[in-house]
Amino acid sequence: MAKKDEKKFVEHITPRSEDFSQWYTDVILQSELVDYAPVRGCMVIRPYGYAIWERIQQEMDSRFKATGHENVYMPMLIPESLLLKEAEHVEGFAPEVAWVTQGGNEKLQERLAIRPTSETIFCAMYSKWVGSYRDLPMKYNQWCSVMRWEKSTRPFLRTSEFLWQEGHTIHETPEEAQQETLQMLEVYREVAEDAMALPVLCGRKSDKEKFAGAQATYSMEAMMQDGKALQAGTSHNFGTNFAEAFDIQYLSREGKLEYVHETSWGVSTRLIGAIIMTHGDERGLRLPPRIAPIQVVIVPIAAHKGGVMEKCDEIFAQLKAAGYRVKVDDRDTVSPGYKFNDWELKGVPVRLEIGPRDIENGVATVFRRDTCEKAPMALETLTADLPALMDSIQQGLYDQAKAFRDAHVTEVHNMEELGKAVESGFAKAMWCGDRACEDAIKEQFNASSRNMPFDQTAIGETCACCGKPAKKLIYFAKAY
RNA sequence: CGGGGUGUAGCGCAGUCUGGUAGCGCACGUGCUUUGGGAGCAUGGGGCCGGGGGUUCGAAUCCCUUCACCCCGACCA
């Protein structure tokens, strides 16, 4: 019996040791997070996947509000002339912009870009809205989808259309803008590490990797279980680049016209991909309790027998009242064993099995998804004991991911070591600051610079690539 | 955009070489028995064999053409 089950399971979920990317695809499709859309490179996010996104939205949005931001909505279509205003920005995005050229039966005089990002349209509005320093800062955010015509796509990690959040702020001084940029990166780090149990490395992007039109870009980088990097969030300081292009000026305290200092920052549904590829295992997803749409699932055993459903409903009500996101799986069309596998695949952190035997003993059989261990817990103290279990799972997932990450970051001092390090993880290296070295590393190892950590404690004197005097400590990795 | 591959039931595939009534597994419907790790038996439904054109008495199968998707490279939140 056990052997047969094992076989069946392998048919469903390819172990990641064999082919990580196949494993990823199997998991997201079979856990009913997404489906493929009848549009090239786009995905359909199904209810369970969207519920995870809603959890991330809540965690993010409450922090945005707490730091003084307000939500707005901008149009999806951007006139070409507007997009062309900031030279670097156009150059960066032009290759992946989708265009609307016709409206109804009329060919448009000016084609309209489907937003790849909304800097330009925010700028257009900010230039209208700002008069004097009294109007500053303006700190707006929008939740929307954007479109980038990607050549190769993968659900959550890179799709033509994706859901995200983009914050756009304008400030009086460079210092304020810089503070905003770093503050929002910190908000991202907090959500990633505390809520999503994703250990991240924060730092500044190289000029090669920075956002098109930014003065400085900062990112948080997560490590997936195949050792590749995933840029999980970015925060940009534009200085006055866009303000000059879009003429966003304000009357200063001294009565002079000045350009505003602008920032933008964003995270996307890519974060869901990060959770899957960081925490997933051979049974499917493992969701951290704080982000899980369903934290506790109750599976009745022999539900037709007297008292079982009643007890399940009772426990459900009790946990619901205690504030848990809980569900009773009362389907009578599938067996308990099927339900076990189903909810493990979907990553629900805690499962309670309640059957006649449990009720007789006054317990629930508790299964925790992080370790896949089963143990009885007294029904009487269940509500009181659950918080500790949840914390333990949340912390366990983070610790496990961090231990993996730390074990796969290697300090390197030359190209040979660097090449070897990026085969299985991140290379931590000294760098001279030249674009040529980044290009060489890309060419030889297909790895790119990730970011330069804020803690710049040197690990050597010379650039790992060219051997010239080093200026920066930086991470290199293959990336999604 | 280069190189390789695949299109047959909702999904995964066999059948193609060697032309002769469209198959298998899973999923789905119905009935009974089950229920502590993906239940069993019985029975049923479902196909323009990617599209178009040819060859042939006869094409999923051979020929021509077209479209779509996937994988590997170059580009990317």
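Because only heavy atoms are used, hydrogens play no part in the values below, and waters and symmetry mates are left out as well, while side chains stay in. Owing to the predicted nature of the structure, the values given are computational and were not obtained by experimental measurement. First the proteins, then the strands, lettered A, B, ... as listed; each starts at 1.
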Check your understanding: Who does B:G25 pair with, Watson-Crick or G-U, both distances under 3.5 Å?
Key -> B:C11
Practice item. Under 4.0 Å between any heavy atoms, over every strand shown, what does A:Thr159 touch: base, sugar-phosphate, or nothing? Just pick one. Key: base
Point to revise | A:Ser268, nearest nucleotide to its side chain (from B:A39, B:A77, B:U35) | key: B:A77
Practice item. Tell me which nucleotide among B:A77, B:G38, B:G36 gets nearest to the side chain of A:Asn341. Key: B:G38
**Study point:** Paired nucleotide for B:U16 [Watson-Crick or G-U wobble; both distances under 3.5 Å]
**Key:** none
Practice item. Give the nucleotide from the list B:A77, B:G37, B:C76 with an atom nearest to the side chain of A:Arg158. Key: B:C76
Exercise for review: Could you check which nucleotide pairs with B:C41 in any of the strands shown, counting Watson-Crick or G-U wobble with both distances under 3.5 Å?
Suggested key: B:G31
Review point. Which part of the nucleic acid, if any, lies within reach of A:Pro300 when heavy atoms closer than 4.0 Å are counted: base, sugar-phosphate only, or nothing?
Key: nothing
Exercise for review: Please state the P separation for the pair B:C41 and B:G73 - nearest whole angstrom.
Suggested key: 45 Å
Review point. To the side chain of A:Ala302, which of B:A39, B:U35, B:G36 is closest?
Key: B:U35
Practice item. Just compare B:A77, B:G37, B:G36 and give me whichever is closest to any side-chain atom of A:Lys374. Key: B:G37
Exercise for review: Give the nucleotide from the list B:G36, B:G38, B:A77 with an atom nearest to the side chain of A:Tyr338.
Suggested key: B:G38
Review point. How would you label the contact of A:Asp332 with the nucleic acid (heavy atoms, under 4.0 Å): base, sugar-phosphate, or nothing?
Key: nothing
Point to revise | Strand partner of B:G73, provided both Watson-Crick or wobble distances fall under 3.5 Å | key: B:C1
Point to revise | Between B:C28 and B:G12 - C1' atom distance, rounded Å | key: 16 Å
Check your understanding: Considering all heavy atoms of both residues, which atom of A:His89 and which atom of A:Ala212 are nearest to each other, and what is their separation?
Key -> ND1-O, 3.1 Å
Point to revise | Side-chain-base donor-acceptor pair under 3.5 Å for A:Arg351 and B:G37 | key: yes
Study note, to complete from the structure: Smallest heavy-atom separation, A:Cys312 atom then A:Ile354 atom, equals SG-CB, 3.9 Å
Check your understanding: What is the nucleic acid contact for A:Phe367, judged by heavy atoms within less than 4.0 Å: base, sugar-phosphate only, or nothing?
Key -> base
Revision key, fill the gap. Of A:Lys339 and A:Phe162, the one whose closest nucleotide on RNA chain B sits nearer the 5' end is A:Lys339
Exercise for review: Hey, which sits more toward the 5' end of RNA chain B by its nearest nucleotide, A:Gly355 or A:Thr269?
Suggested key: A:Gly355
Exercise for review: Take atom P in B:G54 and the same atom in B:C75, then report the distance between them in whole Å.
Suggested key: 46 Å
Check your understanding: Considering only the C1' atoms, how many Å lie between B:U43 and B:C48, rounded to the nearest integer?
Key -> 29 Å
Check your understanding: So, A:Glu438 and A:Lys442, do they make that salt bridge, N to O below 4.0 Å?
Key -> no
Check your understanding: side-chain contact (heavy atoms from CB on, under 4.5 Å) between A:His69 and A:Glu180: does it pass, once the steps are laid out?
Key -> CA-CA 11 Å; A:His69 300 85; A:Glu180 168 79 11; 2.7 Å; yes
Practice item. Please work out if A:Leu157 contacts a base, only the sugar-phosphate, or nothing of the nucleic acid, heavy-atom cut-off 4.0 Å. Key: base
Review point. Would a 4.5 Å heavy-atom cut-off, applied to side chains only, mark A:Met377 and A:Thr365 as touching?
Key: no
**Study point:** Donor/acceptor link under 3.5 angstrom from A:Thr365 side chain onto base of B:G36
**Key:** yes
Practice item. Tell me which nucleotide among B:A39, B:G38, B:G37 gets nearest to the side chain of A:Glu353. Key: B:G37
Check your understanding: Which heavy atom of A:Val422 sits nearest a heavy atom of A:Ala427, and at what distance?
Key -> CG1-CB, 4.0 Å
Exercise for review: Report yes or no: is there a donor-acceptor pair, N or O only, under 3.5 Å between the side chain of A:Glu344 and the base of B:G38?
Suggested key: no
Practice item. Look at the side chain of A:Pro336 and decide which nucleotide, out of B:U35, B:A39, B:A77, has an atom nearest to it. Key: B:U35
